[in-house]
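Working notes, beginning with the structure itself.
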Amino acid sequence: MSASRDDERFGRPLADPPLRPDEKLDVEALLDGLERYRPRRRGWTWRRRAPRQRLFEFEYHETSEPLERSVPLPAARHFEGIDPQPDCVITTEIASGRPEDDVRRMRMAAWHGANHIMVIRTAGQSHMDGLIEGTPEGVGGTAVTRKQVRFTRRALDLIEDEVGRPIDFHSYVSGVAGPEIAVMFAEEGVNGAHQDPQYNVLYRNINMHRSFVDAAEAKRVMAHAGMLQIDGAHNANATAVRAWKVMPELLVQHAINCAYSEAVGMPRDLIALSTVPPDAPPAPCVRMDLPYAIALRDLFSGFKMRAQQNTRYMESDAREATVSHVLNMVISRLTSADVQSTITPDEGRNVPWHYNNVAAVDTAKQALVGMDGLREMVRVDREAPELAARVRELKERAVLFLEAMLRDGGYFAAVEQAYFVDSGEYPETNDDGIARRSDGGVAAGSIVKRADDYLAPVCAHFGENHLELLAGFAGGEAAVRGEAAPCAVIGGCTLCDDTKVPYADELDPEDNAERRLAATRELRERGLIKPEVEWTGDGIVVVTMFLPAAEPVAKAAALEIGRAMNLDDCEVVHSRVMHPAEGTLIELKGRLDVAVDPATLVVPEPPEVLSDEEIRAFVRERGVRAVAATVGEDEHSVGMREIIDIKHGGLEKWGFAVTYLGTSVPVDKVLDAAIEHAAQAVLISTIITHADVHRENMRKLADLAVEKGVRDRLLLIAGGTQVTDAMARECGLDAGFGRGTHGHEVASFIVRALEKREQAG
C-alpha cells in the first residue's frame, strides 16, 4: 500500500487500503491507530508543468500534468471530458471547524483540481501560549492540534494517491506558541505555513521583540522541513480604512519579512509573498491593481508569488465576489503567480460550505485555463505613460517609507509611531495606523538572554549555539565538525528520530471527533441521505426565491415562507434588490430534519450514449433519415426542435437527414411522410395530456404503422414532458423520452436499435 509504513515500535505496519471512487471516505478508520501513523514525506511539492500539452484538439502552453481522477468543468462534455490543470498551484481554504468534515471537503476539492489544502485556524488560537491537543470543534475554523494535523495528513496521503498528484497541507505559525507549532508541523509533515512576525505585532499585539525572536526560531525549523512560507502582509489591505492607499506599505512589509527570513537562513525559493489586489469593482480595479502587481514582482524577483483574491469587499453576493476573483486572476496571468488561492466566494456571509470551496477551485481552474497563453498574445505595455509612472511612483513611495522608518529608529520605532496600516498613501498620513509599544503587548519581558555557553543539542536551531561544547561526548566530535547533527549526542531529536515524537489523544471526553461521529453513525451505516452543507448530516438547505416586495418586507416574508416549508432556524443569508418597488432576490438558509433511505428509492438507469464519432460514422454510412412532428392538436414545438436541430445539439449534428413537418400534424400524415422519404425513424412529440390524448396518439401511430405494413422497418419514438419509456412501449412504440432528454440520447438509441435490426436480419 502506498500509505503503508513498517513501525518497529508496534511490531506491525500501519496500512491504509487505497480509496475507491465509488465509496465514501471512512473517517473513523482514519482516526483509528493514529499513534502509529507517520507522514510519508516532508517539504513542499510544486506541480509538474507540461509545456505544449495536447488535450482533445487543443494545445496548452501553461498547464501541468493532468490528474488520474478528477471532475472536469461542466462544459468539458463537449470536449471529450478533458480536464486541463493550470500550471500554478491551486489552493482551497477550509474552515468547517471540524476536522472530520474538513477531510471530506478536501477530497472533493482535490477531485476538482486543488493541490494546496489550507485549513483555517480557529478564531483566537494565535492568542494561546501553547499547543492544544485532541480534536475540539473550532469557531471560524478548525483547532490546529497534533491529532488534527496527523489525521489530516493521513487522509491527504490517500487522497493524493486517488487523484494522482501530491497535495500540500498548510496551516499557520503565529502567536506566542509559534515556535512550538513550527516544530509540531515539521514532525507531522505539514508542507507549508503562514509565518510573519509583523502579523503578530500589528494584529495580535504580541510584544514585537518576542515576535521576531520567535519568528527566527520558527523560520529555521520550517526551512529545515522544506516548508513553503507565506507571509501575511496582505492583512494591511484587509484592515486599513482605505485599502487601496496601503500599496507602498505592503511593499515595505513584504521586504521586511523577506529580508528577515533570508537573514535567519530560509532559502529564497521557500519564501512566498501573499499578494492581494487591494480593491474591487465598482472601483476600476485592474487599472489600479496592475501597477502594484508589476512593482511587487519587479522588487521581489526570485521570490514566490502567492496570489489571493481580495476578500475585503465580499458581502453576501457570491456572483459579485466571483467576478472580483476572476479579475484578480487576470492580473495573475498578466504578471505571474506560483500559487493561486481560492477563498470561498461568499466569505462575507460566513458560510464556509462544501460546494463553495469547490466552486472557488473551479472558478480558478476555468479562468486560468481559459487565459492559457494570454501573455504570448497580450503583453502589458510597460512603456505606457500612466502605467510606467504609477509603477515608479509606488516604488518611490515604498523607498521613502523605508528611509523614514530607518531615520526614525527602525521598525520597532515605526510601529510605535503608527506607521503601519495608515489609510493615507505614504508619505501622506491620516494618523489612523496601528500603534504598539515595544515594551508592551502579550509576552512582554519574556525574552531571556542566552548564557555565554548556551548549547542546544537539537536540529534546526536558530542563534549562536556552542557546538564546541559537545567535544568529548559520544557523537559530539562529528557534530562539532559538521558531519553529524547536533542531536547526535542525545541519540537524535524528534526531527531526526520520529519514534521520539509525542502523541496525545483526546483530552476532552465530550468535545472531540469520535463523539461527533458517533452522533451521526446511523446515517453512515445505513447510507441515509440527509442534506448538508458544512457538517455531516447538518440538514442545512438553501432556498433561492424572488419576492415582489421591497427588501425589508421581502426578508421578513422569506422567513415566514421558510417556516411554512417546515424549515427550522431560518436565516436570510443573501438579499439583492432587483428594483426598490418591484422585488428582491432572497437566499434563505434553513434546517430540514429529513433523511432519505436510498433503499426505498427507484433510481432510473442512466441512458447509455455512444460517442459522437460512433454515431456520425453509422449515420454517414447508412444515410439515416427521420421524420419528426408534433402530433394531434398540439402546437408545442420547442422540445422537438431541441432534439432535431443542429443549433441545439440535435440529430442534425451527427448527419441525420430530418424532415420536420411542424405542429398539429395528424398521425397518419406523419406515417405517409415517413414512407415517402424512406425514413428509418419516426419521432412524434405529444405534450398535451388532457383525456390521455398523448397515449391515444402513441397507440394510433403504432396501429397505423401495422395497418400500412411498415411497422418492421420503422423505429417509432415518442417524446413529451409526461412521456416515459415504459408508457411508450406499452402503447406499441419502440421508445419514449421524457423531460430533460437530449439529442445525444435519442441519436444513440436510434443507432443501437438499427444495429440490432441489422444483426437480427
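In this chain, residues are counted from 1 in sequence order.
Ion pairing between Glu425 and Arg390 holds under the 4.0 Å rule for side-chain N and carboxylate O. In summary, Arg105 and Glu534 do not engage in a salt bridge, as defined by a charged side-chain N under 4.0 Å from a carboxylate O. In this structure, Glu403 does not pair ionically with Arg407, as no charged nitrogen and carboxylate oxygen lie closer than 4.0 Å. A salt bridge links Asp87 with Arg333: the closest approach of a Lys/Arg side-chain nitrogen to an acidic carboxylate oxygen falls below 4.0 angstrom. We find that Arg306 and Asp338 are not joined by a salt bridge, their nearest charged nitrogen and carboxylate oxygen being 4.0 Å or further apart. Between Glu65 and Arg48, at least one side-chain N (NZ, or NE/NH1/NH2) sits under 4.0 Å from a carboxylate O, which counts as a salt bridge. Checked for salt-bridge contact, Glu262 and Arg268 meet the test: a charged N lies under 4.0 Å from a carboxylate O.
Distance alone, capped at 3.5 Å, is enough to place a donor-acceptor pair between the Asp432 side chain and the Ser423 backbone. For Gln340 (side chain) and Ala364 (main-chain N/O), no donor-acceptor pair under 3.5 Å exists by modelled atom type. Of the possible donor and acceptor atoms, one in the side chain of Arg397 sits under 3.5 Å from a partner among the backbone N and O of Tyr426. Proximity of a side-chain donor or acceptor of Asn115 to a complementary backbone N or O of Val89 within less than 3.5 Å is not detected. Between the side chain of Arg312 and the backbone N or O of Ala240 there is at least one donor-acceptor pair closer than 3.5 Å. Looking at Asn357, its side chain does come within 3.5 Å of a backbone N or O of Glu93 through a donor-acceptor pair. Judged purely by atom type and a 3.5 angstrom limit, Arg42 uses its side chain to pair as donor or acceptor with the backbone of Ala186. Glu416 places a side-chain N or O within 3.5 Å of a backbone atom of Ser438 that can act as its donor or acceptor partner. Formation of a donor-acceptor pair under 3.5 Å by the Asn235 side chain with backbone atoms of Gly232 is found in this model. With Arg436 contributing its side chain and Val415 its backbone, the two residues share no donor-acceptor pair below 3.5 Å.
For CZ of Arg576, the number of neighbouring non-hydrogen atoms (other residues, nucleotides, ligands) closer than 6.0 Å is 12 at most. Under a cut-off of 6.0 angstrom, the local environment of CD in Glu386 is sparse, with at most 12 non-hydrogen atoms contributed by other residues, nucleotides or ligands. When the shell of 6.0 Å around CZ of Arg392 is examined, it contains 12 or fewer heavy atoms from other residues, nucleotides or ligands. Other residues, nucleotides and ligands contribute more than 12 heavy atoms inside 6.0 Å of the CZ atom of Arg54. Atom CZ of Arg437 has 12 or fewer neighbouring heavy atoms from other residues, nucleotides or ligands inside a 6.0 Å radius.
Remark: Met305 CE to Ile271 CD1 distance equals 11.5 Å, nearest 0.5 Å.
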Apply side-chain contact (heavy atoms from CB on, under 4.5 Å) to the pair Val339 and Trp46, showing each step before the final yes or no. CA-CA 9 Å; Val339 180; Trp46 296 101; 3.7 Å; yes

Applying side-chain contact (heavy atoms from CB on, under 4.5 Å), run through His209 and Val213 and close with a yes or a no. CA-CA 6 Å; His209 297 278; Val213 170; 5.6 Å; no

Does the side chain to side chain donor-acceptor pair (under 3.5 Å) test come out yes or no for Thr429 and Asp422, once each step is laid out? CA-CA 6 Å; Thr429 60; Asp422 188 292; 4.9 Å; no

Start with the C-alpha distance between Lys365 and Asp83, add both sets of side-chain angles, then the distance that settles salt bridge (Lys or Arg N to Asp or Glu O under 4.0 Å), and finish with yes or no. CA-CA 9 Å; Lys365 180 170 67 173; Asp83 190 22; 2.9 Å; yes

Pair Ser174-Arg204, side chain to side chain donor-acceptor pair (under 3.5 Å): steps then yes or no: CA-CA 9 Å; Ser174 63; Arg204 297 302 185 190; 5.9 Å; no

Give the intermediate values and the outcome of side chain to side chain donor-acceptor pair (under 3.5 Å) for residues His325 and Thr363. CA-CA 8 Å; His325 186 187; Thr363 297; 4.9 Å; no

Steps toward side-chain contact (heavy atoms from CB on, under 4.5 Å) verdict (His170, Asn191): CA-CA 6 Å; His170 182 110; Asn191 311 103; over 6 Å; no

Check against side chain to side chain donor-acceptor pair (under 3.5 Å), Asp279 and Tyr313: CA-CA 8 Å; Asp279 48 80; Tyr313 307 103; over 6 Å; no

Salt bridge (Lys or Arg N to Asp or Glu O under 4.0 Å) between Asp161 and Arg69: does it pass, once the steps are laid out? CA-CA 10 Å; Asp161 286 344; Arg69 294 188 179 96; over 6 Å; no

Report the C-alpha separation of Glu62 and Arg49 in whole Å, then their side-chain angles, then the decisive distance to 0.1 Å, and conclude whether the salt bridge (Lys or Arg N to Asp or Glu O under 4.0 Å) test is met. CA-CA 8 Å; Glu62 295 176 292; Arg49 299 190 176 187; over 6 Å; no

Test salt bridge (Lys or Arg N to Asp or Glu O under 4.0 Å) on Glu160 and Arg41 and set out the steps. CA-CA 12 Å; Glu160 67 182 19; Arg41 64 181 175 86; 3.1 Å; yes

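Ring centroids of Tyr419 and Tyr411 are separated by 6.0 Å or more, keeping the two rings apart.
A donor-acceptor contact under 3.5 angstrom links the side chains of Asp231 and His254, judged on distance only. In this structure, a donor-acceptor pair under 3.5 Å is absent between the side chains of Thr275 and Gln308. With 3.5 Å as the limit, one finds no donor-acceptor pair spanning the side chains of Gln309 and Thr342. In this model, a donor atom of one side chain and an acceptor atom of the other lie less than 3.5 Å apart for Glu59 and His61. There is a side-chain donor-acceptor pair under 3.5 Å between Gln53 and Thr63. For the residue pair Ser64 / Gln85, no side-chain donor-acceptor distance below 3.5 Å is found, with atom types taken as modelled.
A 4.5 Å side-chain heavy-atom check between Pro72 and Ile82 finds every atom pair outside the cut-off.
A cation-pi contact, defined as under 6.0 Å to the ring centre and within 45° of the axis, is absent between Arg52 and Tyr60. Figure legend: Lys304 and Trp44 shown without cation-pi pairing, the cationic atom not lying both under 6.0 angstrom from the six-membered ring centre and within 45 degrees of its axis.
Minimum interatomic distance between Ala398 and Val252 (heavy atoms only, all atoms of both residues): O-CG2, 3.5 Å.
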